[in-house]
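Worksheet: one structure, shown below.
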There are 2 protein chains.
Amino acid sequence: MKHSHGKPQLITMRDVAKASGFSPATISIVLNNAPLARYIASTTRQRIEETAKRLGYRPNVMARFLRSKRSQSIGVVLFDVTDPFCTPILRGIENGLYPVGYLPIFADAHNQRDRFERYLEMLLERHVDGLIVVANWLLVDIKVLADLNKREIPAATIGWELPGTQLSSVMVDNEAGGRLALEHLYQLGHRRIAVIRGPKRLIDSAPRWRGIQKFAQSVKLKLDSGLELQLPDVFDPNSSFEHGFRLTEELLRDKKKFTALLAFDDITALGAIRALAKAGIRVPEDCSVIGFDDVAIAGLSAPALTTVRQPLETMGNVAVNIVLEAIKAGHENRDWSVVSQKLHPELVMRESTRSI
Amino acid sequence: MKHSHGKPQLITMRDVAKASGFSPATISIVLNNAPLARYIASTTRQRIEETAKRLGYRPNVMARFLRSKRSQSIGVVLFDVTDPFCTPILRGIENGLYPVGYLPIFADAHNQRDRFERYLEMLLERHVDGLIVVANWLLVDIKVLADLNKREIPAATIGWELPGTQLSSVMVDNEAGGRLALEHLYQLGHRRIAVIRGPKRLIDSAPRWRGIQKFAQSVKLKLDSGLELQLPDVFDPNSSFEHGFRLTEELLRDKKKFTALLAFDDITALGAIRALAKAGIRVPEDCSVIGFDDVAIAGLSAPALTTVRQPLETMGNVAVNIVLEAIKAGHENRDWSVVSQKLHPELVMRESTRSI
DNA sequence: CTCGCGTATTCAAACGATTCAATAAAAGCT
DNA sequence: AGCTTTTATTGAATCGTTTGAATACGCGAG
């Protein structure tokens, strides 16, 4: 089937003006409910609204922007859509933006710094009204921030923070999360607990570990440093499964004894479970495993994974609110302050843990 | 930390003009490498490019659009980001768009028709140059198409087609996929095979089933209709796990004998596996299970799922190419034709199937 | 010495909206 | 009746870019 190139010839404001017998200015005022609209006669308003609808008029967002400097769009940069961590956040962002008529412009950095920067440029070129960045350590550096500050674009990061900058941020309380995970295992009676810590460069790793240690200390539990492993700093997305698998295998090869394993994140936990299964160790009968994040897979895998939930969707939502608030403040010429929000994690009990 | 509202005062083309001593027209010509650029002296070109860079000039995409009618963005509408089916497609789309400098504007319909339509409106208002729709049956109807045709916007759908319309489409060859799945089980020696068919209203269901039947026929395999189940037409995203679980439980409750199960998709398969596990039936030792799609989870679950792979990322890419091609044709005032592409599925052997 | 042509650059009119200032009519006040 | 104020509408500039037409200048040919 062929598709020929007629000129679409869209309805412009002029057309509505002509058809209704008023001037473009009046049309604009009515349709935007501008301040001046309170002086418009209600008959006029009706006539205009009616003709606009009849002609199927749609404002040209670009033209509007040119004058009003509002693009009604928010740049959303993810480090990797493919990461199940990102999906719920994206949903949360979209969900927060929808009711206010903003659209997200989507950028996926593929875990590559240059791509990240290029996208940032592109988004700035498009004069997005705001920016939300779901980042990991690869993606954030100084150059970018300088640009953001210069342009004074409201921005928020999720899952990453840079103290001392103009960037707002939204994160889970990782320390509380770490505590929650260990507390759960401890309460089930586990004492010999293997821990797979996160990559050193990842911002979540340290506080999560701190939470674990603090809880251990509070109950006088001695964590065996022989059972303490660490994910490497590579950041190929699905590598954590592989690494969870391998680290666990090493643990088993070394004949370490443990009744529970606390993994840095869900995917790592899944890898660990696979290694345990391969060695004939049943989860949770012979060994409990707990993850972190509660990504979609966690509930579907067999056994369903007990984990510490990050409120990912909420995090997206919160970031949106922060950015929208800043945008509004900007329009009203008010100052706005940078906020750094920490949300509470939550224990989700499923099948991969049980009492000893 | 406070953030005050200085006027960003962006660099405009005028500024570059003033700073370099040439007129805005020249700047535009040089920076866009317009046809007239071949008359521009190379010294001029250099001076201009240098000052543009020095001042940090970025073209205002909106203003440019106003004149040239090119927004350099593509609307991407998904029926549900949360569905693991969508993620790789989204990646493919993004990946295809990136090298040509287009940005995707992201819309997620949440499986709601009204939301879908609203988003479509919003995207049209923004004068996206093209549209890619990842649809399921909920989302496509006539009203929408009328609008698309009126506006003559190049569009492609993924995972859905509407024959006889102006919409290009990209799909897997479902029939081949169905065949592939059954063929695999058959070759492993399975003869008593349970099949969980897809929801009636889903476009994939019928051809996939046809492929299954045709293969059965070709090897004189008799499919027991007592082992034939069907997912209901609800489309709550993660419900297929639930339904896979329940249908399989029913099968077991009815004491049906089967050595393999062919599920409509991976999530259903995971649900089935869970039900089998609960009944003490080991996969793949006692029963083989094969899925469809090869979503990310498939490789991570235990046992790793054997499945028929849809080349999702490629599908996204292909859709992009179709749309970009149409856009180019439109600019060059050529006609473009609607294409309907079917991509080949591929068997991915993992751990959930084994020979009898 | 004028004409035509290729080169190099600029003028000025769009594009489709918003918005401030201006106008005009009606109403209110003394 | 003359003045201000309120109500209702419009003119015209503006946003930053693109682009077809125009200008200016050499330069070789007639």
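Quick note on labels: first sequence line is chain A, next is B, and so on, each numbered from 1.
The distance between atom OH of Tyr57(B) and atom P of dG16(D), rounded to the nearest whole Å, is 10 Å. Here dT19(C) presents its P atom at 13 Å from CG of Asn33(A), a figure rounded to the nearest Å. Distance, Met13(B) CE to dA14(C) P: 17 Å, rounded to whole Å. Rounded to whole angstrom, the span from the NE2 atom of His127(A) across to the P atom of dA17(C) amounts to 20 Å. Atom P of nucleotide dA17(C) and atom CZ of Arg126(B) are separated by 15 Å, given to the nearest angstrom. In this entry the distance linking CG of Asn60(A) with P of dC15(D) reads 18 Å, nearest Å. With rounding to whole Å, Ile29(A) atom CD1 is found 9 Å from dT10(D) atom P. As rounded to whole Å, 17 Å separates atom C1' of dT14(D) from atom CE of Met62(B).
Few gaps surround NZ on Lys69(A); more than 12 heavy atoms of other groups in view lie less than 6.0 Å from it. In this structure, Arg54(A) places its CZ atom where more than 12 heavy-atom neighbours from other residues, nucleotides or ligands lie under 6.0 Å away.
With Tyr57(B) as the aromatic partner, Lys53(B) does not meet the cation-pi criteria of under 6.0 angstrom to the ring centre and within 45 degrees of the ring axis.
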Legend entry - Criterion side-chain hydrogen bond (donor to acceptor under 3.5 Å, both in side chains) on Asn111(A) and Asn136(A), from CA distance to verdict: CA-CA 8 Å; Asn111(A) 277 306; Asn136(A) 63 14; 3.0 Å; yes

Inset, instruction - Decide yes or no on salt bridge (charged side-chain N to carboxylate O under 4.0 Å, His left out) for Arg115(B) and Asp108(B), but give the supporting numbers first. - result: CA-CA 8 Å; Arg115(B) 198 165 182 137; Asp108(B) 176 5; over 6 Å; no

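Across the interface with DNA chain D, nearest-nucleotide mapping of Leu36(B) and Val61(B) shows Val61(B) to be the residue nearer the 5′ end. Comparing Ser23(B) and Ser28(A) by the nucleotide of DNA chain C that holds the closest heavy atom to each, the one mapping nearer the 5' end is Ser23(B). Remark on DNA chain D: of its neighbouring residues Ala25(A) and Arg38(A), the 5'-side contact belongs to Arg38(A), judged by nearest-heavy-atom nucleotide.
The side chain of Asn32(A) places an N or O atom within less than 4.0 Å of a non-bridging phosphate oxygen (OP1 or OP2) of dT18(C). Between Tyr39(A) and the phosphate of dT5(D), there is no side-chain N or O to OP1/OP2 separation shorter than 4.0 Å. Between dT17(D) and Thr12(B), a contact under 4.0 Å exists linking OP1 or OP2 to a side-chain N or O. The shortest distance between the side-chain N/O atoms of Thr26(B) and the OP1/OP2 oxygens of dT10(C) is below 4.0 Å.
The main-chain N or O of Ala34(A) is never found under 3.5 Å from a side-chain atom of Asn32(A) such that the two would form a donor-acceptor pair.
Annotation: the span from Ile40(B) atom CD1 to Gln46(B) atom CD amounts to 13.5 Å, rounded to 0.5 Å. How far CZ of Arg58(A) is from OG1 of Thr12(A): 14.0 Å, rounded to the nearest 0.5 Å.
Within residues 65-75 of chain A, the residues having any heavy atom under 4.0 Å from DNA chain C are, by residue number, Leu66(A), Arg67(A).
Backbone-only engagement by Pro59(A) is indicated by non-hydrogen atom pairs under 4.0 Å involving sugar-phosphate atoms exclusively. Among the heavy atoms of the strands lying under 4.0 Å from Ala41(A) are primed sugar atoms or P, OP1, OP2 only; no base atom is included. Using a 4.0 Å heavy-atom criterion, one finds that Ile27(A) contacts no nucleic acid atom at all.
Distances were taken from every side-chain heavy atom of Phe22(B) (C-beta onward) to each of dA17(C), dT9(C), dG16(D); the shortest belongs to dT9(C).
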